[in-house]
Enquirer: 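So that we are looking at the same thing, I have put the structure below in C-alpha cells.
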Amino acid sequence: MISSCRVEFVSCDTHTEDVLARLSHAEDAVLVPGPDWMLTTKDVMHIINENLDLSAPIRDYMHPPVLTMPPFNQAKHAGRNCVMNAV
C-alpha cells in the first residue's frame with residue numbers, strides 16, 4: 001500500500017509530543033516556519049532514543065541549518081563565509 005505524503009505547519013512553541021504525533025508515516029513532514037532553525041529525522045530519532053522531555057517546545061530540539069559552499073570555492077572564501085555567518 002502506498003501512503004500519501006502529509007505536510008503540516010506548526011509553531012516553534014508547539015510541544016514536541018504534538019509534533020511527533022503528526023509524523024505517522026515516513027513520508028510525512030512537519031514544517032516549523034522560521035529562517036534559522038530546522039528539525040531533521042536525526043533530531044527526531046535523538047528525541048526518542050534519549051527519552052527527552054516531550055512536553056518541551058520543539059524549538060528546544062531544533063538546530064541551525066547546514067551552511068553549504070560552491071564545490072570549487074577556496075578555503076579563504078569558506079573562512080570568510082563562516083565569519084560573515086557567525087559560525
Side-chain angles (χ1 to χ4, degrees):
M1 181 176 145
I2 298 174
S3 64
S4 61
C5 174
R6 265 184 341 160
V7 177
E8 296 188 37
F9 290 87
V10 298
S11 159
C12 63
D13 296 320
T14 304
H15 288 199
T16 301
E17 61 191 335
D18 295 334
V19 173
L20 297 182
R22 296 168 194 257
L23 298 171
S24 56
H25 296 90
E27 300 84 16
D28 290 347
V30 176
L31 302 178
V32 183
D36 299 328
W37 298 93
M38 62 190 283
L39 183 74
T40 65
T41 304
K42 185 176 178 181
D43 297 324
V44 171
M45 296 307 297
H46 176 73
I47 292 167
I48 294 168
N49 289 335
E50 298 296 322
N51 292 318
L52 299 178
D53 181 8
L54 298 182
S55 65
I58 196 63
R59 72 171 169 262
D60 291 357
Y61 305 119
M62 298 172 69
H63 66 277
V66 176
L67 294 175
T68 59
M69 299 294 295
F72 299 106
N73 241 353
Q74 295 179 353
K76 68 179 179 181
H77 295 123
R80 187 177 311 131
N81 191 31
C82 287
V83 169
M84 290 181 352
N85 287 294
V87 174

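Note that the structure is a prediction, hence the values are computed from the model and not measured.
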Enquirer: Could you give the distance from CD1 (Ile48) to OG1 (Thr16), rounded to the nearest 0.5 Å?
Expert: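 One finds 11.0 Å between CD1 of Ile48 and OG1 of Thr16.
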Enquirer: Check the pair Ile58 / Leu20 against side chain to side chain contact (heavy atoms under 4.5 Å, CB included), numbers first and verdict last.
Expert: CA-CA 9 Å; Ile58 196 63; Leu20 297 182; 5.7 Å; no
Enquirer: Considering all heavy atoms of both residues, which atom of Cys12 and which atom of Pro57 are nearest to each other, and what is their separation?
Expert: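 Looking at all heavy atoms of both residues, the closest pair is O-CB, 3.7 Å.
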Enquirer: Find the distance between NE2 (His46) and CG (Asn51) and round it off to the nearest 0.5 Å.
Expert: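 Between atom NE2 of His46 and atom CG of Asn51 there are 10.5 Å.
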Enquirer: To the nearest 0.5 angstrom, please state how far the CG atom of Leu52 sits from the OH atom of Tyr61.
Expert: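 If we round to the nearest 0.5 Å, Leu52:CG and Tyr61:OH are 4.5 Å apart.
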